[in-house]
Number of protein chains: 2
Amino acid sequence: MGRKAGISIDDIVTAAASIADRDGLAAATLSAVAAELGIKTPSLYNHVPGLAGMRRELALHSSQLLTKLFRDATHGHEPREAIRAATVAYRLFATEHPGLYESMLPAPKPGEDDELYEAMAGPVRVLFDEFAKLGLTEEEAVHVIRGMRAMLHGFVDLERKAGFGMPVELDASFDRAVSLMIDRIPERT
Amino acid sequence: MGRKAGISIDDIVTAAASIADRDGLAAATLSAVAAELGIKTPSLYNHVPGLAGMRRELALHSSQLLTKLFRDATHGHEPREAIRAATVAYRLFATEHPGLYESMLPAPKPGEDDELYEAMAGPVRVLFDEFAKLGLTEEEAVHVIRGMRAMLHGFVDLERKAGFGMPVELDASFDRAVSLMIDRIPERT
DNA sequence: TGACAAGACTAAGGGCATTAGTTAGTGTAA
DNA sequence: TTACACTAACTAATGCCCTTAGTCTTGTCA
């Protein structure tokens with residue numbers, strides 16, 4: 001039981017992630033994480049610059065995970081299939097990791113935190129590539145992706161909060177909404 | 001300068017709203033509101049059951065305001081026009097009152113807080129009525145409104161956080177996304 | 001006028017983040 | 001092998017916020 005527990009940043013992120021997924025992001029406080037790791041709160045400052053810093057690490061981790069899930073989901077499919085698979089992966093991610101999803105919500109503004117900004121652009125980039133394969137112009141792709149992101153985020157956010165009154169046929173609603181966003185995309189070449 | 005300042009719940013909500021719209025919902029603390037009203041924090045407990053209670057009042061107020069804006073926007077238009085007008089009102093509301101918008105985000109689950117739940121269903125109800133006029137079956141309307149709500153909420157939420165990278169043509173993106181949700185609605189009768 | 005209730009107050013507590021200063025292990029270089 | 005420096009834990013203390021309990025003043029109503 002030496003004085004050095006040998007905590008790493010990964011340990012902190014893992015602990016924070018597990019607390020956030022279980023009890024919500026708000027519960028992932030420095031003291032809760034420290035308690036989970038068996039150390040005292042101030043000791044965390046040796047690894048992370050305060051609460052905001054820890055939350056940032058968590059957001060970074062979440063973005064990287066989601067990017068990977070998108071890559072895996074799209075890999076080896078034709079564009080339209082790939083896009084649909086990504087939407088399913090997105091919703092699944094939000095459902096299985098509500099805390100991680102929440103950690104990504106306070107997105108940084110363009111000039112604020114370049115590293116985090118880039119990481120959070122990762123999933124969008126994967127989608128963008130698929131749309132590019134469909135031959136969309138950049139402008140068209142921007143519009144389509146914006147609508148897509150909005151619908152996806154809105155859907156899982158409302159679902160996360162049980163914001164939809166009736167529990168009926170959520171999967172069907174999701175499918176239909178996704179189809180609305182996708183089906184009218186013109187195919188070029 | 002009597003001991004009684006004569007604070008009312010409306011005063012509290014107004015102060016909280018103004019702080020939330022200016023500095024974000026998180027800044028609308030009991031102490032900030034008390035300071036704005038020129039009283040001490042504990043005095044607020046004579047009117048409101050703590051921070052959560054104050055936030056709830058704010059959410060109630062926001063829902064009522066948004067419902068009114070929806071009614072005004074839709075009034076006197078044909079269903080399709082009315083729906084489009086409501087979407088514009090929604091986005092405008094979120095832009096002009098970011099704090100009020102934020103106050104509505106932690107929606108209560110169905111059995112949790114009936115009064116608030118009802119209030120927050122107000123805007124949806126206005127939309128629902130318009131879709132009903134188009135002759136949609138209830139099931140169809142549920143799907144369409146879910147997609148609609150998701151897209152609207154997602155759009156303004158991303159916009160609120162400057163989540164869209166490029167500042168290009170946001171209005172056009174919004175129009176297009178709204179059209180995607182609306183245009184394919186079959187007209188019955 | 002006198003009692004009562006509303007609505008302000010002060011005092012005190014607990015939780016959390018944060019900073020400063022301290023101490024104990026660990027590894028490396030003389 | 002020993003000394004030193006660095007890392008990473010710690011304790012102590014501060015400040016902000018919410019919350020509860022108890023006090024006192026003021027306006028109202030019988």
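Below, chains carry the letters A, B, ... as their sequence lines are ordered, and counting in each starts from 1. Because only heavy atoms are used, hydrogens play no part in the values below, and waters and symmetry mates are left out as well, while side chains stay in.
Using a cut-off of 4.0 Å between Lys/Arg side-chain N and Asp/Glu carboxylate O, Glu115(B) and Arg56(B) are scored as salt-bridged. We find that Arg84(B) and Glu78(B) are not joined by a salt bridge, their nearest charged nitrogen and carboxylate oxygen being 4.0 Å or further apart. Using a 4.0 Å cut-off between charged nitrogen and carboxylate oxygen, Arg91(B) and Glu159(B) count as a salt-bridge pair. Residues Asp157(A) and Lys161(A) are paired through a salt bridge, judged by an N-O separation under 4.0 Å between the basic side chain and the carboxylate. Ion pairing between Glu130(B) and Lys133(B) holds under the 4.0 Å rule for side-chain N and carboxylate O. With salt bridges taken as basic N to acidic carboxylate O contacts below 4.0 Å, one links Glu118(B) and Arg125(B).
Between the P atom of dT23(C) and the NZ atom of Lys40(A) lies a distance of 18 Å, rounded to the nearest Å. With rounding to whole Å, Ile12(B) atom CD1 is found 16 Å from dA6(C) atom P. Straight-line distance from the CD1 atom of Ile7(A) to the C1' atom of dA8(D): 10 Å, rounded to whole Å. Per the geometry, CE belonging to Met54(A) stands 10 Å off P belonging to dT18(C), to the nearest Å. In this structure, the CG atom of Leu30(A) is 15 Å from the C1' atom of dC16(D), given to the nearest Å.
With distances taken from any side-chain atom of Thr29(A) to the nucleotides dA21(D), dC16(C), dT18(C), the minimum falls on dC16(C).
At the phosphate of dG15(C), neither OP1 nor OP2 sits under 4.0 Å from any side-chain N or O atom of Ser31(A). Close to dT19(D), at under 4.0 Å from its OP1 or OP2, lies no side-chain N or O of Thr41(B).
Residues of residues 43-53 of chain A having a heavy atom closer than 4.0 Å to DNA chain D, listed by number: Ser43(A), Asn46(A), His47(A).
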